[in-house]
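Below: the structure, in structure tokens.
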Amino acid sequence: MARLVVVSNRVAIPSRDNQAGGLAVAVRSLLKGRGGLWFGWSGTVAAQDDVTTRTIHQGDMSYVVTDLVDADYQEYYNGFANQVLWPILHYRLDLAEFSRRDLSGYRRVNAHFANELHNLLQPDDIIWVHDYHLIPLAKMLRDRGHRNRIGFFLHIPFPPPEILTALPNHEWLIPQLTAYDLVGLQTDNDAGNLARYFENECRLEKRGHLVYQTAERMVRIGAFPIGIETQEFSRLARRSVRSPLVRSVVESLAGRALMIGVDRLDYSKGLAQRMDAFERFLAVYPDWRSKVTYLQITPKSRSEILEYAGMERTISEAAGRINGAYGEVAWTPIRYVNRAYSRSALAGLYRAARVGFVTPLRDGMNLVAKEYIAAQDAEDPGVLVLSRFAGAAAECTAAILVNPYDPEAVATSIAHALSMPLEERRSRHTALFQVISDNDLNWWGEHFLAALTNDGSSTPWHEQLGLTPPLFTGLA
Ligand code: F6P
């Protein structure tokens with residue numbers, strides 16, 4: 001029976017992790033009840049002599065995590081992954097800080113992961129690699145003799161070749177994706193961009209729609225929009241809205257409408273533009289002053305990187321300036337909070353909010369948008385204001401879609417959302433809830449694994465993995 005081996009930079013070991021982001025939460029839910037092996041970074045930066053790789057068994061899961069030394073952490077994680085790939089894949093060439101040393105650290109850590117996996121893999125394992133930290137991993141495993149089916153999923157955007165070719169050494173890095181059997185992206189747009197790269201830069205032979213032939217294998221590209229556990233999140237929100245924390249927040253609003261944003265402190269989230277838009281809203285719609293409170297929950301992240309540290313000051317100064325200009329003794333327009341809250345607290349707060357304010361400048365998917373929808377009371381739902389540049393916009397067309405670079409238009413959309421009649425709110429919410437129920441997290445995982453293991457053999461993928469038959473039975 002084939003085993004599922006998941007590889008990602010962050011690994012969320014149940015009951016231990018407190019740093020689980022979107023990817024780790026999704027993979028953790030996906031593996032729940034399926035079993036398998038999850039390999040990645042332990043989250044620890046150790047001295048050279050203290051580096052270990054250890055296995056933790058929990059139920060039918062094995063977690064194998066390895067430490068990084070400081071040079072790895074700086075060059076691979078802070079350096080090439082987050083100061084080169086992250087900005088470029090988010091269309092921000094202006095923020096990329098390329099250095100050959102960081103690229104070599106990135107290769108070194110990928111080789112370290114490949115060496116560790118080499119000792120763990122069995123010939124019929126199905127391997128699923130996640131995200132931009134690990135693009136060269138399949139090639140490194142192939143070089144070590146592994147012929148397994150290997151899939152890759154990119155959780156963040158994939159830009160057009162016109163942007164990507166500005167990345168020094170893209171000719172080395174991006175063609176390594178052809179060592180995977182299947183490359184999954186969030187949207188059709190991302191998939192089309194990679195297809196253009198394969199065709200124009202790698203000159204790969206096209207064998208069908210999004211199918212390419214290399215000397216070694218057939219590589220397929222597909223769009224697999226990631227989802228959430230919609231029903232579970234909806235239940236969580238129903239329960240949590242009655243929790244003491246959410247009740248106390250609602251009481252503190254004194255009848256005012258709540259607008260909520262939840263994002264890591266990251267330039268891709270467009271927080272400065274969002275504050276700007278809210279300021280315009282207060283300026284242009286004075287009747288709403290003192291009637292709405294904007295709660296922005298923004299845990300700090302990647303603070304060792306200059307741009308991130310700089311943002312901490314810029315955003316809190318913007319919030320302070322707007323509060324100073326428009327606030328009253330009994331009303332603070334923006335509550336800006338830098339700490340992380342539990343999923344349960346967030347679910348309740350989403351449900352209590354009249355508007356979900358999700359306006360990234362560029363985002364792979366943005367699961368906050370989907371969680372906000374799932375959390376709403378279908379009888380009296382809130383309204384989602386969503387950036388057209390979030391991957392979620394491709395599915396969530398019934399949200400109010402906005403251009404985050406246009407503060408005047410976003411201000412108008414906030415007013416539209418706050419004053420939307422119940423009937424329109426309900427019909428938009430019904431459409432949105434339908435989409436996120438149909439394309440939930442389970443569907444995403446099944447859809448991807450079905451495509452990865454669909455090699456023309458007569459053994460269905462779920463039997464190869466020893467699972468019960470899926471809800472999903474065909475490939476779109
Ligand atoms: O895919 C992007 C992502 O890895 C998300 O899963 C997560 O929210 C975020 O970036 C976490 O970043 P980091 O692991 O650098 O804290």
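Computed from a predicted structure; not experimentally measured. Just so you know, ligand 1 is whichever comes first in the structure, and atom 1 is the first atom listed for that ligand.
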Contact check: [X] vs ligand 1, nitrogen or oxygen atoms, below 3.5 angstrom:
X      : answer
Arg302 : yes
Asp131 : yes
His155 : no
Leu23  : yes
Trp86  : no

- Give a yes or no on whether the ring-centroid distance for Tyr294 and Tyr336 is below 6.0 angstrom. no
- Task: List every atom of ligand 1 that sits less than 4.0 Å from any heavy atom of Ile156, numbering the atoms from 1 in the order shown and giving each element.
- Result: 1 (O), 2 (C)
- Message: Taking a cutoff of less than 4.0 Å between a non-hydrogen atom of the residue and any ligand atom, is Arg264 in contact with ligand 1?
- Response: yes
- Message: Quick test of your reading: applying salt bridge (charged side-chain N to carboxylate O under 4.0 Å, His left out), list the pairs with at least one residue in residues 383-403, sequence neighbours left out, ordered by first then second residue.
- Response: Lys370-Glu395
- Determine whether the side chain, the backbone, both or neither of Phe153 has a heavy atom under 4.0 Å from any heavy atom of ligand 1. neither
- Message: Nearest 0.5 Å, please: how far is CH2 in Trp86 from CD1 in Ile305?
- Response: 10.0 Å
- Message: For Arg428, give me all partners under salt bridge (Lys or Arg N to Asp or Glu O under 4.0 Å), at least two apart in sequence or on another chain.
- Response: Glu424
- Query: Quick one: does Tyr197's side chain have a donor or acceptor within less than 3.5 Å of a partner on Pro159's backbone?
  - Reply: no
- Message: Against Tyr132, only a single residue in Ile88, Val84, Asn9, Ile156 fulfils side chain to side chain contact (heavy atoms under 4.5 Å, CB included); can you say which?
- Response: Ile156
